[in-house]
Every structure is written in structure tokens, then in C-alpha cells.
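Down below is the structure, laid out as C-alpha cells.
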2 protein chains.
Amino acid sequence: MSRFENRTLTLRDVSEASGVSEMTVSRVLRGRGDVSQATREKVLQAAKSLGYVPNKIAGALASQRVNLVAVIIPSMSNMVFPEVLTGVNSVLENTELQPVVGVTDYLPEKEEKVLYQMLSWRPSGIIIAGLEHSDASKAMLKSTNIPVVEIMDIDGEPIDSAVGISHQRAGRHMAQAILEAGYRKIGFLGTKMPLDHRASKRFDGFKEALSKADIKILDHEFYSGGSALAKGAQMTQEILKRTPDLDFLYYSNDMIGAGGLLSLLEIKKSIPREIGLAGFNGVELLEGLPLKLATMDACRFEIGKIAAEIISNRVAGKKDTYDRITALKPKLDLGDTLKT
Amino acid sequence: MSRFENRTLTLRDVSEASGVSEMTVSRVLRGRGDVSQATREKVLQAAKSLGYVPNKIAGALASQRVNLVAVIIPSMSNMVFPEVLTGVNSVLENTELQPVVGVTDYLPEKEEKVLYQMLSWRPSGIIIAGLEHSDASKAMLKSTNIPVVEIMDIDGEPIDSAVGISHQRAGRHMAQAILEAGYRKIGFLGTKMPLDHRASKRFDGFKEALSKADIKILDHEFYSGGSALAKGAQMTQEILKRTPDLDFLYYSNDMIGAGGLLSLLEIKKSIPREIGLAGFNGVELLEGLPLKLATMDACRFEIGKIAAEIISNRVAGKKDTYDRITALKPKLDLGDTLKT
DNA sequence: ATGAAAGCGCTAACAT
DNA sequence: ATGTTAGCGCTTTCAT
């Protein structure tokens, strides 16, 4: 292509090719208005024919501005976080800002590392899942003077601001709906993940609401790893073998709930009469099952969207349009598996 | 925290706090060996107590090295690309390199934009899905002198190197397996996505192998948008209403295949006797269905892993351990829905 | 509307 | 083992 095989092109190359100063080239390329039409065209033409791509590293260093937003999430592989990202993207697409994603695998040490990495790029904002962080992570987040939005959860004190739902409340509400429907012998099935604080909070809220009605969970089952659908089926069989008189199963996520649902349909259980089921998340993916699983929408897209709006507003210097804590209200969907 | 609320800390601050030159601080922080134990500790201590986070922007500019690998994929929301990313991560985790992901939504113009954005950060390597790119994208990829690995597909000429499977071959093989099993009245169900070249190639290969046996697809159905599970169910009902004597349905992905499978079980079709089914991708997510859908593994994790290895080897200056084109062989899994 | 000079915060290369 | 100097490729600021 070019004669310079071993280095990338610089402003200077475009400057020489177009016979205009580097400064003016820079102005044209950043789309600033104060350049004559004639020079603008000359420069654009030269840049294009050379195949010049600006160096953001140098630009960022000089301008002290990095149009990156760090998004730190625990996982990529379940349905929930990709949808949060879609929400983030939907907003950032229309701005100069660009999301950069880091994954923590639910490990605080990894969160710490990822956060440090991200901060070392001096992003314009941080969106990070959860309110629970290691001391070191908290220290980093606090001492930074860029906007920080903690997402998904609002049961706790945010460092800067937070957008999410109350998982305790979500658990309570599901319990109340189950009790109202007349179910009394309730089992819980979830992940063996002490570090998934939001799942724990849902479980806590759930048990709390039950105990107000003097009901206790009759049995529970936890899993880790493996295909969620298969695990859901397997755990369901096991919990029912051990405690056959259960009349309701609350699953900590829709995927294992769907596995349970399918396995119960196969053995011809009558749902929701004989046994009721509910999951959590509202994953659209699962629409199309023979019966629609009762669930609660976690407002994932909305959370991503609002978080990105907060960052983008702050970066633009506008005053906040959201409160320090934005509490979204998850909608309960009874589906076909929670009798009314 | 610190007295300097409005600027982030620099090497200079650490240098002053520790009474050591900036250069030595830099050496310590980059973990280079040529520093005495005493100074090393002094510096580390100072950096930690100040809460110093290095500025990679400046470091990258000075060293002309950016430890970023751009990963450009069409979508985040289906199961396939997150798993590729997991493969990429599994390798890059053990290196200095860090993946940065860009999403194109299967749109060539967006790919062009994302690629330009990525290149402007001067990454150390590029992993990009597919072999089909706009002329401008190709020009950018060609004129770059960093390693470029095109992934998922090998039916075509790579710019630099490629890792993937032949989707034409995958389609052919599935067709052969179906024919061998004795099915003759075959329907196809897929996405209405002319820009998903890999799906098209599978379809082409599939039709080609059928026509060698003088068989033509009896009917087909395309969809776009919506929940894949639900769409699969719906399309299946429709194609069978229109062409009731179909004895096999080939789905362009496992998700719609699963939807079809569930809907056929519900109307008590005998699978695989009365009608056979197959999908594509081998999504682990679906293990746990009442019947295991026949499918073909797309080697997603492996593809990501090898692509990252190629980049990481090249960056390390080692000579290539993989060929220009690495053809992975997808395994056919007959499951329970393709009779033998 | 255009240009010249200075410097962003680091690191390479060369002292000592 | 440690320090000094000179940039990296841009943008800011100040001239013209």
C-alpha cells in the first residue's frame, strides 16, 4: 500500500501530502468548523488516499480526554449481562463514548484487577455491576473523580450512584404472590454461588416474606456448573424425590426453571395445579416453551440504558437527571405456572 | 483522599513521595528486575499509599506498544459469540494482552466504523468474524501491519490468517447424514439474514449435497426477529401445515430447532421416526431438553482460543504454529432426533 | 483561517 | 542500580 511498511501514518504524513500544517490537518480531521472549504477538501482527500487512521492514544494524551466507558460485569455467558450491554450501547451509540467491557467471573480479586486495568486507561466513566466490592476496589472507585454507576442492585450504599432493582424486594414479592395463590409447601432451587450477592438477596427476601406468614422453605437444592437446563431438570427430580409433597418450586433463574418445567411436563405433573413454578429474570429467550414460566423481569436493558445516560450526561457537563439511586420496579409475570 | 482533587496522580508524584527518580519508579511499576530490593519496596509503598494507577495512554504512546486485541463480532446476544470470547479470554488471560470487543450487528457499514475506531487505538492484533468485508474494511485490514485473524469461516481467502470451519461442508455433511438415515422429504427453516454469510453457506452446502442425490428441499421458512424458541415453534407449525408430508426439518440454528422440537413433542409427533430434526451450533445451553437435538458443533471455544494464540504468538515474535488457514472439523451429533 | 511552540505522562536509549 | 535526555503523535494555546 504505502511506501512506509513499518510505521503507521501520522498527521505529519497527511500534512506533507496535502501541503497544509499538521495543526490544520488535525482541525479538519476532528471536524472543527474553522477551516476553509478548500483546505478541508485537500486534507480529507490526502488522508483518504493515504489511508490515514488517527492515533487515539496520542490524541487522548494530548487532550486529556478518553472517550471510553468501562463496563465491568461478572459474566458474559448467561443471558442477563449481554442485555445490559445492549442497553448501554443503545445510549452510547449516539455519543462520542465507547464502552469497553471487563468480566470478573464473580471473583472479587478479578474485579480488582479488571478495575485497575480499566482505570489505567483513564476512562470517562465506569459502570460496574453490584454494590459489593473489595476494599481495594472501593478505594479505587472512591478516589477516582470520574462518574461511577453501580448497576443491577440497590440494596446498599452506592459509591457514587446506582441503578437497579431491589433483589430483596423481588424475592419478597415473589413469595407474597406464591402465598396469595395458596401454595404452602415451597422448595427453593438455586446456584451454589455465595458471591452472587443479588441471588442471595432474592433468597433472603423470599425467606423473609415467607416467615412473616409463618412458613418455612420445606427443602432446597443448589447446583454449580453444567448446563442450566439440564441442572434444573435434575435438581427438580431430586428435590421431589426427597420431598414429594412440595407444591411450589422457586428457581433462582429462568434457565433452571425452564429445565424444571420441561422435566415436570414430561412426567405429566399438572402445572400449576399440582405444583407451581417460578423463576427470575424474564429472559425473552424462553418464550416459546409449552407453558410460560412465572418470572420477574430484572429490567436489564433499562438498567444499562439509564447507567449510560448518567455517564453521558455527566461527561457532557449536564446536571444529573437521575437521583443518586434509581430504583426500577420489576414486573411480576405469573405466566402459566403460578395459579391465580 | 489526596490533596489534588482535580488531577490524577503521575509518576512524578510517586517519584517525589519516594525520593527516587521517575525512571526508577517506572521500572519498579513495570516489574523490571534491575532495581534494588530496598528502592523497590520504597516505591511500591509510596505508589500504594498514594493510590497511584499508571496511565496506559502515556505508556502506550511512549513505548509504541498497546496490549489490546480488537475482537470484532456481529452479535452478542446469541449464544455463539460469547463462547468465542471465552475461548479468546482463556488464552489472553495468561498474557499481557487484553481483548476489546466491538459489535457490528451483521452490518458492513457498522463493521467499517467499529474497525476504524479499533484501529485508531493501535491494537496489537485483530480478531474479526467472517471473511466477507466491505472494500474499505478490507483496505484497512490489508494496510495494517498487525496480525489479523478472521474467524468462524474458512470458505474464502483470508487477508492474513483464518480459523474456523467450512460452513458449506457442515451443510453438506448434515445433508448426507439425513439422506443416509433415509429421510427424503426435507424442509429448511432459517433466519432471513442475507448478511449472515455463514448461515447462507451452510444452506448452500446443504442444498448442494441434496441435489447430488437428486433431492430438492420440499419447503422452507424464514424468520427474523423475536424469540428464537417461539419462532422455531411457530415456523414449524406453519411449514407442516403447508407441507404435511415432510419427514425432516433442518434448522439453521439450535435455538429455533429446540422451539420446533418442543412444539412437535407437544402434538405428539414421533421423533425421529415420523419426523427427524437437526439444528446447528451445539449450544450446551440446550442440553436438558426431553430429546437431544441433532446438531453440529461449531467449535466456537476452540476458534476463539486458536485465534488468540495466533495473535499472542505473533506479538511475542514467535513463529507461527498454525497455518494460514486453520480448518476445524465440526463434530456431527445425531442426538435423539436423527434416526440412524 | 492558519501556523508555531509547548507539553500531555510516560518509556527507550544512553549515560553514570 | 539509578539518573538524564529526548521523544511518542497528537492537541492546547497563543500568535499571526
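Proteins come first, then strands; the chains are lettered A, B, ... in the order of their sequence lines, and each starts at number 1.
Note on residues 84-104 of chain B: pairs passing salt bridge (charged side-chain N to carboxylate O under 4.0 Å, His left out), not counting sequence neighbours, are Lys110(A)-Glu93(B).
Between Gly102(A) and Val114(A), the shortest heavy-atom distance links the atoms CA-CG1, 3.8 Å. Closest approach of Tyr52(B) to Thr10(B), counting heavy atoms only: CE1-C, 3.5 Å.
Rounded to whole Å, the distance from CZ on Arg122(A) to C1' on dC10(C) is 11 Å. Rounding to whole angstrom units, CZ of residue Arg32(B) and P of dT2(D) are separated by 13 Å. For the pair Arg40(A) CZ and dT2(C) P, the computed distance is 10 Å after rounding to whole Å. Rounding to whole angstrom units, CG of residue Leu29(B) and C1' of dT2(D) are separated by 16 Å. When rounded to the nearest whole Å, the span between CD of Gln37(B) and P of dT2(D) equals 11 Å. What separates CG of Asp34(B) from P of dA12(C) is a distance of 11 Å, to the nearest Å. Whole-Å rounding puts the Ile57(B) CD1 to dC10(C) C1' distance at 11 Å. Atom CG of Leu11(A) and atom P of dG3(C) are 13 Å apart (whole Å).
Checked against Asp160(A) for a salt bridge (charged side-chain N to carboxylate O under 4.0 Å, His left out), the options Arg314(A), Arg324(A), Lys142(A) give a single hit: Arg314(A).
Ser36(A) and Arg40(A) share no side-chain donor-acceptor pair at under 3.5 Å. If you check the side chains of Thr321(B) and Asn313(B), you find a donor sitting under 3.5 Å from an acceptor. Residues Glu112(B) and His133(B) bring no donor and acceptor atom of their side chains to less than 3.5 Å of each other.
Of the residues in residues 16-26 of chain B, Val20(B), Ser21(B), Met23(B), Thr24(B) come within less than 4.0 Å of DNA chain D through at least one heavy atom, sorted by number.
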Taking N or O atoms only and anything under 3.5 Å, show me the protein contacts with nucleotides 6-8 of chain C, one pair per line.
| unit_1 | atom_1 | unit_2 | atom_2 | d |
| --- | --- | --- | --- | --- |
| dC8(C) | O3' | Gln64(A) | OE1 | 3.4 |
| dC8(C) | O3' | Gln64(A) | NE2 | 3.0 |
| dC8(C) | O2 | Leu61(A) | O | 3.4 |
| dC8(C) | O2 | Ala62(A) | N | 3.2 |

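Taking 4.0 angstrom as the limit, Arg65(B) places a side-chain polar atom (N or O) nearer than this to OP1 or OP2 of dA12(C). Between dG9(C) and Tyr52(B), no contact under 4.0 Å exists linking OP1 or OP2 to a side-chain N or O.
The local environment of CG in Asp34(A) is crowded, with over 12 non-hydrogen atoms from other residues, nucleotides or ligands closer than 6.0 Å. Surrounding CZ of Arg12(B) are at most 12 heavy atoms belonging to other residues, nucleotides or ligands under 6.0 Å away.
Annotation: of the two residues near DNA chain C, Asn55(B) and Arg27(B), the 5′-most nearest-nucleotide partner is Asn55(B).
Proximity note for Thr39(A) (side chain, C-beta onward) versus dT2(D), dT2(C), dT11(D): the nearest is dT2(C).
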